[in-house]
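One structure is given below, encoded as structure tokens.
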Amino acid sequence: MIFPDEYKHVGHSREIADGKDRRIYFLTKYLIVENCDTESSYSLYEVTHQGDELLRDVTDLKMLASSNEIIRYDKELNIKDRALLIEIAADICRGNITTVIFTGIDKHLTFVHRPDLSAILDIEIVDVVPPEPSWLASVVRRLEQSGIFGDLTIRFSENLTDLRRFEGENTVFPCSSSGLEGKCLDCDIIEENGALLVGCEISRTLFESRFPGLEYSFVNICPFKSDVFKPSKPFITRCCRSEKSGIVTINGIRGAMVHWGASEFEVAKAVWELIADIKENKEEQS
């Protein structure tokens, strides 16, 4: 698959391929040639050039796709969203079609040649509901829509634990703001044995401090020691202990941990750091 690192590396010309002008902008690596004789017909070339000036002499043109292999997508998109373009191109490229040309909202062009869906990395959002939507999923989706992750070639899936499955008269949750049916550590008094505590190690410590000697069962929902979650792919999740924030490994899988009250900036930063860590590990292993 070829996907230019930057749309500015893609030239758009009617003259170079037919020899009328053999100079090209120094950043250009690929050339989209519009064929004037045929409506909506294009060719795609890889360009080699030489020189030290802004405009440099083309020394070689390698055709990557001819007119019968190229389709131009008819809607303007955020062409910095690499995953989106790869997904669309993969859906379009059938039969002889190998290449899709895209137009950005700013009218610049880019392309995807022989799209490969395996180039998109799936990041799992691990969180709990309610509230619904989950807080972390809501933040990540808003950031995703803003385009801040566009260059990372990633997509997000959700792995959400619905705490309503544990609701009951004898269930104790950490916080009453969840609206869950049961008792809560921050406002209720537990006087009898047999409670089911659903929380993390801090919840457990609080329970035993407030109600010493009571017998209870425990469901751990902390991502590090969860009874209900085991990661199978790179992930982002949150923890109430700020000292555990950063890049972590759970079940042999790398992920990003943010504090329970992390800001949008901190969540975005964590995702970028996770991708950088994954890429670094891949380079070390190769």
Side-chain angles (χ1 to χ4, degrees), residues 1-122 144 147-155 272 275-276 278-279 282-283 286:
M1 183 182 72
I2 297 178
F3 190 146
D5 292 335
E6 299 284 351
Y7 62 71
K8 65 185 178 182
H9 291 171
V10 180
H12 183 206
S13 174
R14 296 183 178 92
E15 287 79 29
I16 290 181
D18 59 18
K20 293 181 180 179
D21 188 346
R22 299 290 290 184
R23 293 181 303 162
I24 202 163
Y25 190 60
F26 78 104
L27 285 175
T28 302
K29 296 180 180 178
Y30 303 98
L31 183 67
I32 296 171
V33 175
E34 186 173 358
N35 304 316
C36 300
D37 297 335
T38 307
E39 185 178 356
S40 300
S41 178
Y42 302 88
S43 300
L44 175 65
Y45 295 86
E46 186 175 3
V47 182
T48 304
H49 49 69
Q50 65 181 9
D52 300 316
E53 305 298 327
L54 285 177
L55 292 178
R56 299 182 180 179
D57 295 326
V58 174
T59 58
D60 187 50
L61 290 174
K62 176 184 177 183
M63 178 176 280
L64 299 177
S66 59
S67 59
N68 64 339
E69 299 173 295
I70 298 175
I71 285 180
R72 183 166 179 175
Y73 194 66
D74 59 359
K75 295 180 181 179
E76 294 180 357
L77 299 172
N78 171 17
I79 59 175
K80 298 297 288 182
D81 189 338
R82 297 169 65 91
L84 173 65
L85 301 194
I86 293 171
E87 288 172 339
I88 292 174
D91 187 57
I92 292 174
C93 289
R94 298 285 188 273
N96 292 330
I97 302 302
T98 64
T99 307
V100 180
I101 296 173
F102 293 99
T103 307
I105 297 170
D106 60 358
K107 311 303 181 184
H108 283 87
L109 300 182
T110 192
F111 67 90
V112 179
H113 177 64
R114 299 192 183 280
D116 179 8
L117 288 173
S118 68
I120 302 174
L121 177 64
D122 186 33
E144 185 180 30
I148 198 169
F149 302 132
D151 285 336
L152 299 181
T153 318
I154 59 176
R155 276 288 175 260
W272 275 83
I275 301 306
I278 291 172
K279 289 181 178 178
K282 282 185 177 179
E283 290 176 358
S286 61

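From a predicted model like this one, the values you see are computed outputs, not experimental measurements. Just the heavy atoms: all of them, side chains too, but no hydrogens, waters or symmetry mates, feed the values below.
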Once you round to the nearest 0.5 Å, how far does [atom1] of [X] lie from [atom2] of [Y]?
{"X": "C93", "Y": "I88", "atom1": "SG", "atom2": "CD1", "result": "11.5 Å"}
{"X": "I92", "Y": "E87", "atom1": "CD1", "atom2": "CD", "result": "12.0 Å"}
{"X": "D116", "Y": "I2", "atom1": "CG", "atom2": "CD1", "result": "12.5 Å"}
{"X": "D81", "Y": "I79", "atom1": "CG", "atom2": "CD1", "result": "11.0 Å"}
{"X": "Y25", "Y": "L31", "atom1": "OH", "atom2": "CG", "result": "15.5 Å"}
{"X": "I97", "Y": "I71", "atom1": "CD1", "atom2": "CD1", "result": "4.0 Å"}

Practice task
Would you please test E46 and M63 for side chain to side chain contact (heavy atoms under 4.5 Å, CB included) and show each step?
Solution key: CA-CA 6 Å; E46 186 175 3; M63 178 176 280; over 6 Å; no
Problem - Evaluation steps, side chain to side chain contact (heavy atoms under 4.5 Å, CB included), between L84 and R155 - result: CA-CA 9 Å; L84 173 65; R155 276 288 175 260; 3.3 Å; yes
Quick one: closest heavy-atom pair of [X] and [Y], and the distance?
{"X": "P115", "Y": "I86", "value": "CB-O, 3.9 Å"}
{"X": "T153", "Y": "R82", "value": "OG1-NE, 2.9 Å"}
{"X": "M1", "Y": "A119", "value": "CE-CB, 3.6 Å"}
{"X": "I154", "Y": "I120", "value": "C-CG2, 4.0 Å"}
{"X": "S67", "Y": "S43", "value": "N-OG, 4.1 Å"}

Problem - Short N-O contact, K80 and D151, less than 4.0 angstrom - result: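 A salt bridge links K80 with D151.
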Exercise for the section: Give a yes or no on whether the backbone of I148 and the side-chain of W272 come within a donor-acceptor separation of less than 3.5 Å. Expected result: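 Yes.
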Handout entry: Sequence neighbours excluded, every pair satisfying side-chain hydrogen bond (donor to acceptor under 3.5 Å, both in side chains) that has a member inside residues 95-105
Key =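 Of all non-adjacent pairs touching residues 95-105, those that pass side-chain hydrogen bond (donor to acceptor under 3.5 Å, both in side chains) are R72-T103, T99-H113.
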Problem - Selection residues 48-62 - residue pairs positive for side-chain hydrogen bond (donor to acceptor under 3.5 Å, both in side chains), sequence neighbours left out - result: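 Non-adjacent pairs meeting side-chain hydrogen bond (donor to acceptor under 3.5 Å, both in side chains): zero.
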Handout entry: Any side-chain heavy-atom pair of L85 and L77 under 4.5 Å
Key =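 Side chain of L85 against side chain of L77, heavy atoms only: contact under 4.5 Å found.
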Practice task
Would you check if V47 and K29 make a side-chain contact, meaning some heavy-atom pair closer than 4.5 Å?
Solution key: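 Sidechains of K29 and V47: no contact.
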Exercise for the section: Tell me, please, which residues at least two apart from I105 pass side chain to side chain contact (heavy atoms under 4.5 Å, CB included). Expected result: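 With sequence neighbours excluded, I105 shows a side chain to side chain contact (heavy atoms under 4.5 Å, CB included) to no residue whatsoever.
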Exercise for the section: For D91, enumerate each residue passing the side-chain hydrogen bond (donor to acceptor under 3.5 Å, both in side chains) test, keeping only those at least two apart in sequence or located in another chain. Expected result: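 side-chain hydrogen bond (donor to acceptor under 3.5 Å, both in side chains) list for D91, sorted by chain: empty.
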Problem - Test side-chain hydrogen bond (donor to acceptor under 3.5 Å, both in side chains) applied to K75 - qualifying residues, sequence neighbours left out - result: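 Residues passing side-chain hydrogen bond (donor to acceptor under 3.5 Å, both in side chains) with K75: none at all.
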Exercise for the section: Hey, could you give me each pair passing ring pair (Phe, Tyr, Trp, His ring centres under 6.0 Å) that has a residue in residues 52-104? Not counting sequence neighbours. Expected result: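 The answer is Y73-F102.
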Exercise for the section: Could you walk me through whether I101 and Y42 pass side chain to side chain contact (heavy atoms under 4.5 Å, CB included), step by step? Expected result: CA-CA 9 Å; I101 296 173; Y42 302 88; 3.7 Å; yes
Practice task
List the steps, then state whether ring pair (Phe, Tyr, Trp, His ring centres under 6.0 Å) holds for Y30 with Y45.
Solution key: CA-CA 6 Å; Y30 303 98; Y45 295 86; over 10 Å; no
Exercise for the section: Quick one: do I70 and L44 satisfy side chain to side chain contact (heavy atoms under 4.5 Å, CB included)? Show the steps, please. Expected result: CA-CA 8 Å; I70 298 175; L44 175 65; 4.0 Å; yes
